[in-house]
Amino acid sequence: MIVTLIVVCEVGFWVLLAAGLGLRYLAKMSRTGAAVLLCEPLLEVVLLVVTVLDLRAGADPDWKHGLAAVYIGYTAAFGHYTVRWLDGHARHRLAGGPPPVKPPRFGAARARHEVKLWLRTVAGAGLAAALLQIGVRYVDDPERTASLTSWQGFAGRAVLIHGLIALSYVLWPKKPKGGDEGNVSEAVAGAAVHPVEDRAGR
């Protein structure tokens, strides 16, 4: 049931996203579209409530509960970022808005962008680890909660791996190739432009 609900939440995210953007830019119903997009976080709330109820009903914690916690952490950290990114593209293509600002590609600006993305991973992993720890304390049986603690390790490894990737951009900044001299100005300008911050409501 938990896995099925995770799939439903993911599908529901994209359905609500498409509906919200369609209402905003095709139907010209800006407020209604924004209201639909604001319903996105309710999907994570539903998943969290069902997971808690499943444990309260006596279900043994297993990988499905751990996956639910990690999914909630990921969508909380990257949901708003994704929605804003797609909203910018929809505004440009459907409503004649300006092209969305692209993330910087080179130099210190690219390194800062990668670090910001890593901080989102840290936030998502931290939330997932906290939810898992709540589950561990609620069950209060180390033998039954081994799968939950293993997911905490998974979250920690995700932070470490992504951190190493971000660090590589800091230590070895990406530089334009010979045919990309024109992009140098983009890298310089990117230092003064914040990348698309923040999937809306997720």
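Put simply, the side chain of H89 never gets that close to the backbone of L86: no donor and acceptor are under 3.5 Å apart. No donor-acceptor pair under 3.5 Å is formed between the side chain of T145 and the backbone N or O of P61.
Side-chain atoms of F106 and K175, non-hydrogen and from C-beta on, never get closer than 4.5 Å to each other.
V50 and L132 end up in the same hydrophobic cluster when Ile, Leu, Val, Met, Phe, Trp and Tyr side chains are linked at under 4.5 Å. Linking Ile, Leu, Val, Met, Phe, Trp and Tyr residues whenever their side-chain heavy atoms come within less than 4.5 Å leaves I161 and Y74 in two separate clusters. Connection of V3 to L48 is established within a shared hydrophobic cluster, with ILVMFWY side chains joined at heavy-atom distances below 4.5 Å, either directly or through further cluster members. Hydrophobic cluster membership is shared by L5 and V52, with clusters built from Ile, Leu, Val, Met, Phe, Trp and Tyr side chains linked at under 4.5 angstrom. There is no path of hydrophobic side-chain contacts, each under 4.5 Å, that joins L164 to V122.
Applying the ring pair (Phe, Tyr, Trp, His ring centres under 6.0 Å) rule to F154 yields the partners W151; only residues at least two apart in sequence or on another chain are considered. Residues forming a ring pair (Phe, Tyr, Trp, His ring centres under 6.0 Å) with H92 (at least two apart in sequence, or on another chain): none. Looking at residues two or more places apart in sequence or on another chain, you find a side-chain hydrogen bond (donor to acceptor under 3.5 Å, both in side chains) between D60 and R144. R110 pairs by the side-chain hydrogen bond (donor to acceptor under 3.5 Å, both in side chains) definition with E114, Y169, not counting sequence neighbours.
Shortest non-hydrogen contact noted between L43 and G12 is CD1-C, 3.7 Å. Closest approach of L148 to G135, counting heavy atoms only: CD1-C, 4.0 Å. Between A68 and L47, the shortest heavy-atom distance links the atoms O-CD2, 4.1 Å. In plain terms, the two heavy atoms of P173 and G107 that are nearest each other are CB-CA, 4.0 Å. In this structure, L94 and K28 approach most closely via the heavy-atom pair O-NZ, 4.4 Å. For the pair A155 and A125, the tightest heavy-atom approach, listed with the atom from each and the gap, is O-CB, 3.7 Å.
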**Message:** One pair to check against side chain to side chain contact (heavy atoms under 4.5 Å, CB included): E10 and Y71. What are the steps and the verdict?
**Reply:** CA-CA 9 Å; E10 183 63 18; Y71 177 81; 2.7 Å; yes

Could you give me the CA-CA distance, side-chain angles and deciding distance for I2 and W63, then say whether side chain to side chain contact (heavy atoms under 4.5 Å, CB included) is met? CA-CA 10 Å; I2 301 289; W63 65 273; over 6 Å; no

Criterion side chain to side chain contact (heavy atoms under 4.5 Å, CB included) on T75 and F13, from CA distance to verdict:
CA-CA 10 Å; T75 53; F13 171 81; over 6 Å; no

query = Taking it one step at a time, do L37 and L17 satisfy side chain to side chain contact (heavy atoms under 4.5 Å, CB included)?
reply = CA-CA 6 Å; L37 293 176; L17 180 58; 3.8 Å; yes

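A distance of 9.5 Å separates CZ of R91 from CG of L21, quoted to the nearest 0.5 Å. Between I72 atom CD1 and T51 atom OG1 the span is 5.5 Å, to the nearest 0.5 Å.
Listed by first then second residue, pairs satisfying side chain to side chain donor-acceptor pair (under 3.5 Å) with a partner in residues 157-167 read T121-H162, not counting sequence neighbours. Pairs engaging residues 128-141 under the side chain to side chain donor-acceptor pair (under 3.5 Å) rule: Q133-Q152 [sequence neighbours left out].
R24 has a carboxylate O that lies under 4.0 Å from a charged side-chain N of D87, or vice versa, which qualifies the two as a salt bridge.
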